[in-house]
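Below is one structure, written out as structure tokens; the observations come after it.
So you know, we letter chains A, B, ... as the sequences are listed, proteins then strands, and number each from 1.
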Protein chains: 2
Amino acid sequence: MTKARQATLAILRDAQEPLCAAAVLERIGVCCDQVTVYRSLHFLEENGLADSFILHCAEHGTERYYTAVDSLKDGYSGHHHWFHCEMCHRFLDLGDCQLHTLVAGYEAAHQITVKSHTLYFTGICADCQIQGH
Amino acid sequence: MTKARQATLAILRDAQEPLCAAAVLERIGVCCDQVTVYRSLHFLEENGLADSFILHCAEHGTERYYTAVDSLKDGYSGHHHWFHCEMCHRFLDLGDCQLHTLVAGYEAAHQITVKSHTLYFTGICADCQIQGH
DNA sequence: GCATGAATTGCAAATCATTTGCATATTTTT
DNA sequence: AAAAATATGCAAATGATTTGCAATTCATGC
Ligand SMILES: [Mn+2]
Ligand SMILES: [Mn+2]
Ligand SMILES: [Zn+2]
Ligand SMILES: [Zn+2]
């Protein structure tokens, strides 16, 4: 793990929400170049240290968001799913993946091997609901 | 519904799998311009006639894939989820959305309103599994 | 049918997140 | 330390998608 990769991973771990490359860049300062951040994010994901999903929202366009993968504990997959508020654009952590049974069912029913899945939710968060608008 | 929009919707309905804009263009012929296809796809999605998700695969890069939404029947959400084979790049229809209970749980637990979700799976399909490689 | 304002389309050009080429710098191996 | 392998920085390219704008088509009332 080079300095750039460690710094990138640390930023993902500290963040309370998925970050796009631009957000990582904001936080990484002069440590390294933009391209290195992209390459570090790839590296982290390829090595199982980060997860990503691509989300399109009207305000921010299409961007890939990264999270650090939790260290694996009993019964936990290590990867979370997220809710994105269309109003305040914050992410809410919905906790560890709950799709194990569903995935197993699909694998059995279709004789496929599911290696990964992407799941996220969008809507209105509790705060924005109260504020009405 | 203009001619271009109808043609676009017909193509999505005929397809046995999610199509990216480029795939729709291939099939739509001289009927209309590329930009009109993009705009038609937006229109269809905004009006609840199509669904989309963004998928990144090494071979084809990042693209948005569209499907026609089923007409709603009892107990069916109208939108399906899909499995994408990393090897042959085909999509497999996993059927109607099974996340209702999960979504309701999240809404109750976090006082959020979930308006939509994105879910798809990737891995190796039955055919590619047999062929080994 | 025809006038009129609204919505849609085509074409060219712009956007913008992400990727790539390549020379330099850093790390690892022998 | 030299050689080989890997990572980085910078500039330029990529490519799906979007936008501006003028021309066309559509809708609606007369
Ligand atoms: Mn957003
Ligand atoms: Mn593919
Ligand atoms: Zn919110
Ligand atoms: Zn396959």
Side-chain angles (χ1 to χ4, degrees), chain A residues 1-12 15 17-67 84 89 91 118 120 122, chain B residues 1-12 15 17-67 84 89 91 118 120 122:
Chain A
M1 287 271 287
T2 66
K3 196 172 68 171
R5 288 167 179 179
Q6 280 178 327
T8 304
L9 181 55
I11 286 169
L12 294 184
E17 54 178 2
L19 301 179
C20 62
V24 173
L25 269 167
E26 274 177 15
R27 295 160 204 225
I28 212 164
V30 294
C31 157
C32 63
D33 187 76
Q34 185 181 35
V35 178
T36 303
V37 167
Y38 277 104
R39 289 197 270 230
S40 295
L41 290 169
H42 288 168
F43 172 87
L44 294 173
E45 186 164 26
E46 237 170 44
N47 290 77
L49 298 165
D51 256 351
S52 80
F53 58 91
I54 299 168
L55 181 144
H56 178 94
C57 96
E59 186 150 334
H60 302 97
T62 301
E63 285 178 310
R64 190 160 187 162
Y65 289 83
Y66 292 83
T67 57
H84 181 69
H89 301 277
F91 284 94
T118 295
Y120 59 79
T122 64
Chain B
M1 285 272 287
T2 66
K3 198 171 69 173
R5 288 167 179 176
Q6 280 178 328
T8 305
L9 182 55
I11 287 168
L12 293 184
E17 55 178 1
L19 300 180
C20 62
V24 173
L25 270 167
E26 272 177 16
R27 295 159 206 226
I28 212 163
V30 293
C31 156
C32 64
D33 187 77
Q34 185 181 36
V35 178
T36 301
V37 167
Y38 276 105
R39 291 197 270 230
S40 294
L41 290 169
H42 287 166
F43 171 88
L44 294 173
E45 186 164 27
E46 239 170 42
N47 290 79
L49 297 165
D51 257 351
S52 81
F53 58 91
I54 300 168
L55 181 145
H56 178 95
C57 97
E59 186 151 334
H60 302 97
T62 302
E63 283 177 311
R64 190 160 187 163
Y65 289 84
Y66 292 84
T67 57
H84 181 69
H89 300 278
F91 283 94
T118 296
Y120 59 79
T122 65

Checklist outcome for this item: Heavy atoms of B:Ala4 and B:Thr36 approach each other most closely as CB-CG2, 3.6 Å
Checklist entry - With a non-hydrogen cut-off below 4.0 angstrom, is A:Cys20 in contact with a base, only sugar-phosphate, or nothing? => result nothing
Next on the checklist: Under 4.0 Å, heavy atoms only, any strand: does A:His60 hit a base, just the sugar-phosphate, or nothing?
Outcome noted: nothing
Checklist entry - Are B:Glu45 and B:Arg64 ion-paired here, with the side-chain N under 4.0 Å from a carboxylate O? => result yes
Checklist entry - Taking atom NE2 of A:His60 and atom NE2 of A:His84, what is their separation to the nearest 0.5 Å? => result 7.0 Å
Item to check | Nearest-nucleotide pick for A:Ala21, side chain only, options being D:dA11, C:dT18, D:dA7 | outcome: C:dT18
Next on the checklist: In this structure, how many angstroms lie between the C1' atom of C:dT9 and the NE2 atom of B:His42, rounded?
Outcome noted: 15 Å
Checklist outcome for this item: Taking for B:Thr36 and for B:His56 the nucleotide of DNA chain C with the nearest heavy atom, the one nearer the 5' end belongs to B:Thr36
Item to check | Minimum heavy-atom distance A:Ile11-A:Val24, with the two atoms named | outcome: CD1-O, 3.9 Å
Checklist outcome for this item: Whole-Å distance, B:Ile54 CD1 to D:dT18 C1', equals 14 Å
Item to check | A:Gln34 side chain, from C-beta outward: closest of D:dT17, D:dT8, C:dT18 | outcome: C:dT18
Checklist entry - How close or far is atom P of D:dT6 from atom CD of A:Glu46, stated in whole angstroms? => result 13 Å
Checklist entry - Below 4.0 angstrom from OP1 or OP2 of D:dT8, is there any side-chain N or O of A:Thr2? => result yes
Checklist entry - With sugar-phosphate meaning primed atoms plus P, OP1 and OP2, does A:Arg39 contact a base, only sugar-phosphate, or nothing at under 4.0 Å between heavy atoms? => result base
Next on the checklist: At 4.0 Å (heavy atoms only), tell me whether B:Ala22 reaches a base, stays on the sugar-phosphate, or touches nothing.
Outcome noted: nothing
Next on the checklist: Is a donor from one side chain sitting under 3.5 angstrom from an acceptor on the other, for A:Arg5 and A:Ser40?
Outcome noted: no
Next on the checklist: Rounded to the nearest 0.5 Å, what separates atom CG in B:Leu41 from atom CG in B:Leu12?
Outcome noted: 6.0 Å
Item to check | Candidate nucleotides D:dT17, C:dT8, C:dT18, ranked by approach to the side chain of B:Arg5 - the nearest | outcome: C:dT8
Checklist entry - C:dT26 C1' sits how many Å from A:Lys3 NZ, rounded? => result 11 Å
Checklist entry - Between A:Phe43 (CZ) and C:dT19 (P), how many Å, whole number? => result 16 Å
Checklist entry - What's the spacing between B:Thr122 OG1 and B:Phe91 CZ if we round to 0.5 Å? => result 10.0 Å
Checklist entry - Considering the terminal five base pairs at each end of the helix from C:dG1-D:dC30 to C:dT30-D:dA1, what angle separates the two local helix axes, rounded to 10°? => result 40°
Checklist entry - Just how far, in rounded Å, is C1' of D:dC26 from CE of B:Met1? => result 15 Å
Checklist entry - CG of A:Leu25 versus C1' of D:dT8: gap in Å, rounded? => result 14 Å
Checklist outcome for this item: Note: for B:Asp33 and B:Thr62 on DNA chain C, the residue whose nearest nucleotide lies more 5' is B:Asp33
Item to check | Integer-rounded Å distance: C:dA17 P and B:Glu63 CD | outcome: 19 Å
Item to check | Approximate separation, where rounding is to 0.5 Å, of B:Leu19 CG and B:Tyr65 OH | outcome: 9.5 Å
Item to check | Side-chain N or O of B:Tyr38 closer than 4.0 Å to phosphate OP1/OP2 of D:dT18 | outcome: no
